[in-house]
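Written below as structure tokens is the structure these notes are about.
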Amino acid sequence: MKNIVSISLVITLFAFLTSCEKKSQKPEEIKSIVLEPQIHDNGYDSRPTLADEFTDIEIISLENRNECLLSHVRKMIVTDSAMIFFSRNPIEKTISFSLNGQYRNCFGDKGNAKGEYRNVQNVATSFSGDTIVMIDIPDIKLYDSDGKYLSSLPIKNTIGAEDIFLTDKGAFLGYFHRQETGIMSFYDKSFKNKKDIIKTPVNPFGYTWGSGNLNFIQKDRNTILCLDGLTTSFYAFDINSPEDVTRYSFHLDGVLTEEEARKNMGTEEVELFIVYSFLIYNGMVRGVILKSGECYDFKFSLSGKTVELIHHKDFDYSFDYCHSGFFYKIVTAEELLDFMDESKRYMEPIRELLGNSLSNLKGKISPTDNHYVIKMRLKE
């Protein structure tokens with residue numbers, strides 16, 4: 001009797017696990033929410049300002065030492081103790097600053113020696129923020145927050161992931177150009193076992209669409225949200241039950257689809273709506289969706305079925321990171337000088353938004369300065 005019961009339990013457990021695996025691999029079984037647009041624009045005078053949503057605005061200057069000068073920043077990450085920037089030009093560098101802008105350290109050097117990198121695709125941090133993760137095809141390299149090399153994690157392919165979120169149990173990796181069997185896949189700690197969270201046919205796509213700042217995968221409490229730029233849609237799931245996925249898409253005429261993306265591959269300008277950037281905080285997704293000659297800020301809740309399309313008077317929602325309720329935007333010294341130029345009357349709304357944080361820098365900015373960071377807190 002005991003053996004029969006044990007066999008029965010094994011069969012039941014196997015059936016349960018098989019059904020979960022089956023559910024996670026069938027795109028047609030993913031819950032789909034089509035967001036209906038609500039356009040808020042009754043003319044320039046009625047447009048909202050970011051001051052309606054944000055407060056405590058400050059401008060942080062990044063230290064000007066030669067070893068930490070930034071050029072073309074592809075990604076920004078903020079932790080409890082640091083601001084981290086991944087810059088690609090003229091060479092790949094990942095640089096850490098304190099929260100007040102003082103240079104801390106770099107992570108690794110370009111080369112072939114142990115602890116060096118060859119071709120970094122993206123950077124991320126661990127859940128706690130104390131480990132820096134580099135996607136260095138074909139491996140994942142780990143560094144501590146002081147820049148010390150820790151180890152490498154081999155990925156058993158040469159395709160290369162495009163973004164990563166590291167957890168205590170393993171890692172979620174993103175493949176957004178159809179070069180793998182899943183848009184999102186989960187790897188265990190050894191990086192040997194893989195489970196596709198969002199399955200897709202393998203049909204590599206050789207052109208970049210989607211987020212302009214490499215923040216493809218983001219975490220908000222227990223929610224993982226990723227952008228699939230080829231279909232202008234988002235996928236969300238609970239980190240503890242990744243088989244339960246919800247897809248969010250826009251009900252907009254002329255939105256980018258995979259069919260249209262393949263048809264227009266390599267085209268400089270496409271007359272289709274494309275998500276340029278996004279951030280999630282407290283279940284609310286903010287970002288920018290643009291079409292040639294047309295650009296909207298968008299905002300939607302993961303618990304809703306509508307999306308607000310907004311034109312702001314001053315800045316837009318093209319933030320680079322959010323952490324603990326603070327939103328961050330990278331700007332150059334030249335941009336700040338433009339904001340200060342009172343002959344440019346169209347910059348007045350930005351001057352009003354930045355207020356004393358901008359006026360206090362008057363006469364102190366040089367065009368050759370390192371980058372600056374605008375920081376603001378979301379009103380609760």
Report, one line per pair, each donor and acceptor closer than 3.5 Å where one atom sits in a side chain of residues 302-310; sequence neighbours left out.
{"unit_1": "S303", "atom_1": "OG", "unit_2": "S301", "atom_2": "OG", "d": "2.8"}
{"unit_1": "E308", "atom_1": "OE1", "unit_2": "H40", "atom_2": "NE2", "d": "3.3"}

Item to check | F298 and F278: CA distance, side-chain angles, deciding distance, side chain to side chain contact (heavy atoms under 4.5 Å, CB included) verdict | outcome: CA-CA 9 Å; F298 67 83; F278 75 100; 4.1 Å; yes
Next on the checklist: Working note: V285 + Y248, criterion side chain to side chain contact (heavy atoms under 4.5 Å, CB included); need CA distance, chi angles, decisive distance, verdict.
Outcome noted: CA-CA 11 Å; V285 183; Y248 297 84; over 6 Å; no
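- In N222, the CG atom is crowded: over 12 heavy atoms of neighbouring residues, nucleotides or ligands sit closer than 6.0 Å.
- Atom OG1 in T200 sits 5.0 Å away from atom CD1 in I183 (nearest 0.5 Å).
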Item to check | Trace of the ring pair (Phe, Tyr, Trp, His ring centres under 6.0 Å) decision for F216 with F176 | outcome: CA-CA 9 Å; F216 297 105; F176 304 108; 5.1 Å; yes
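- Here the closest non-hydrogen pair linking C68 and E63 is SG-O, 3.4 Å.
- Surrounding NZ of K219 are more than 12 heavy atoms belonging to other residues, nucleotides or ligands, all under 6.0 Å away.
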Could you go through residues 372-380 and list every donor-acceptor pair under 3.5 Å that involves a side-chain atom there, pairing it with any protein atom two or more places apart or in another chain?
{"unit_1": "Y372", "atom_1": "OH", "unit_2": "D369", "atom_2": "OD2", "d": "2.7"}
{"unit_1": "R377", "atom_1": "NE", "unit_2": "D56", "atom_2": "OD2", "d": "2.7"}
{"unit_1": "R377", "atom_1": "NH2", "unit_2": "D56", "atom_2": "OD2", "d": "2.9"}
{"unit_1": "K379", "atom_1": "NZ", "unit_2": "A51", "atom_2": "O", "d": "2.8"}

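- With sequence neighbours excluded, the residues forming a salt bridge (charged side-chain N to carboxylate O under 4.0 Å, His left out) with K299 are E53, listed by chain and number.
- Relative orientation of the H311 and Y296 rings is parallel, given thresholds of 30° and 60° on the angle between their planes.
- Heavy atoms only, all atoms of each residue included: I197 and P242 are closest at CG2-O, 3.2 Å.
- Contact detail for L69 and N64: the closest heavy-atom pair is CD2-O, 3.6 Å.
- E67 is linked by a side chain to side chain donor-acceptor pair (under 3.5 Å) to R65, counting only residues two or more places apart in sequence or in another chain.
- With R104 contributing its side chain and I95 its backbone, the two residues share no donor-acceptor pair below 3.5 Å.
- Side chains of L35 and L252 form no contact here, defined as non-hydrogen atoms less than 4.5 Å apart.
- Side chain to side chain, S277 and N213 fail the donor-acceptor criterion of an N or O pair below 3.5 Å.
- Nearest heavy atom pair, residue G111 against residue R118, reads O-CG, 3.5 Å.
- With sequence neighbours left out, R178 forms a salt bridge (charged side-chain N to carboxylate O under 4.0 Å, His left out) with D228, E258.
- No hydrogens or angles considered: nothing links the side chains of S61 and K364 as a donor-acceptor pair under 3.5 Å.
- Applying the side chain to side chain contact (heavy atoms under 4.5 Å, CB included) rule to N356 yields the partners S359, N360; only residues at least two apart in sequence or on another chain are considered.
- Cluster annotation: L225 is not connected to M284 through the hydrophobic network of ILVMFWY side chains, with a link wherever side-chain heavy atoms come within less than 4.5 Å.
- The ring pair (Phe, Tyr, Trp, His ring centres under 6.0 Å) search around Y328 returns none, not counting sequence neighbours.
- Judged as a side chain to side chain donor-acceptor pair (under 3.5 Å), and not counting sequence neighbours, the contacts of S366 are T368.
- The side-chain contact (heavy atoms from CB on, under 4.5 Å) test with K75 singles out one residue from N215, I84, T94, and that residue is N215.
- Every side chain to side chain donor-acceptor pair (under 3.5 Å) that T49 has, sequence neighbours left out, goes to D314.
- Follow the hydrophobic side-chain contacts under 4.5 Å out from V202 and you never reach F205; the two are in separate clusters.
- Salt-bridge check for R345 with E348: failed, with every basic side-chain N at 4.0 Å or more from each acidic carboxylate O.
- For D52, the CG atom counts as densely surrounded, since its 6.0 Å shell holds more than 12 non-hydrogen atoms of other residues, nucleotides or ligands.
- Using a 4.0 Å cut-off between charged side-chain N and carboxylate O, R74 and E92 make no salt bridge.
- Both Y187 and L150 sit in one connected hydrophobic cluster of ILVMFWY residues. Membership requires side-chain heavy atoms under 4.5 Å apart, directly or through other members.
- Here NZ of K199 is found 9.0 Å from CD of E180. Values are rounded to the nearest 0.5 Å.
- Relative orientation of the F172 and F237 rings is tilted, given thresholds of 30° and 60° on the angle between their planes.
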Checklist entry - Could you go step by step and tell me if N119 and D136 meet the side chain to side chain contact (heavy atoms under 4.5 Å, CB included) rule? => result CA-CA 5 Å; N119 183 20; D136 184 32; 4.3 Å; yes
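- Of all the heavy atoms in I217 and C226, the pair that sits closest is CG1-CB, 4.3 Å.
- Contact of the Y143 side chain with the Y117 side chain is registered, since non-hydrogen atoms from C-beta on lie closer than 4.5 Å.
- Once rounded to the nearest 0.5 Å, the distance linking CG of L166 with CG of L153 reads 7.5 Å.
- A tilted orientation is assigned to the rings of F54 and F319, their planes being inclined by 30° to 60°.
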Item to check | side chain to side chain contact (heavy atoms under 4.5 Å, CB included) between I33 and T246, intermediate numbers included | outcome: CA-CA 7 Å; I33 294 178; T246 301; 3.9 Å; yes
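- Taken from CD in E162 to CG in L214, the straight-line distance is 9.0 Å, to the nearest 0.5 Å.
- One distance of note links OG1 of T231 with CZ of F250; it measures 10.5 Å at 0.5 Å rounding.
- When hydrophobic clusters are built by joining Ile, Leu, Val, Met, Phe, Trp and Tyr residues whose side-chain heavy atoms come closer than 4.5 Å, directly or via intermediates, V120 is grouped together with L70.
- Applying the salt bridge (charged side-chain N to carboxylate O under 4.0 Å, His left out) criterion to K169, with sequence neighbours excluded, gives no partner residue.
- Taking the six-membered ring where the residue is Trp, F234 and F300 present tilted rings, their angle falling between 30° and 60°.
- Hydrophobic clustering (ILVMFWY, side-chain heavy atoms < 4.5 Å, transitive): I60 and F86 are in one cluster.
- Every residue two or more places apart in sequence or in another chain was checked for a ring pair (Phe, Tyr, Trp, His ring centres under 6.0 Å) with Y281, and none qualifies.
- Across every non-hydrogen atom of Q218 and L279, the tightest pair is OE1-CA, 3.2 Å.
- A distance of 12.5 Å separates CG of L256 from CD of E271, quoted to the nearest 0.5 Å.
- In this structure S357 satisfies the side chain to side chain donor-acceptor pair (under 3.5 Å) test with no other residue, sequence neighbours excluded.
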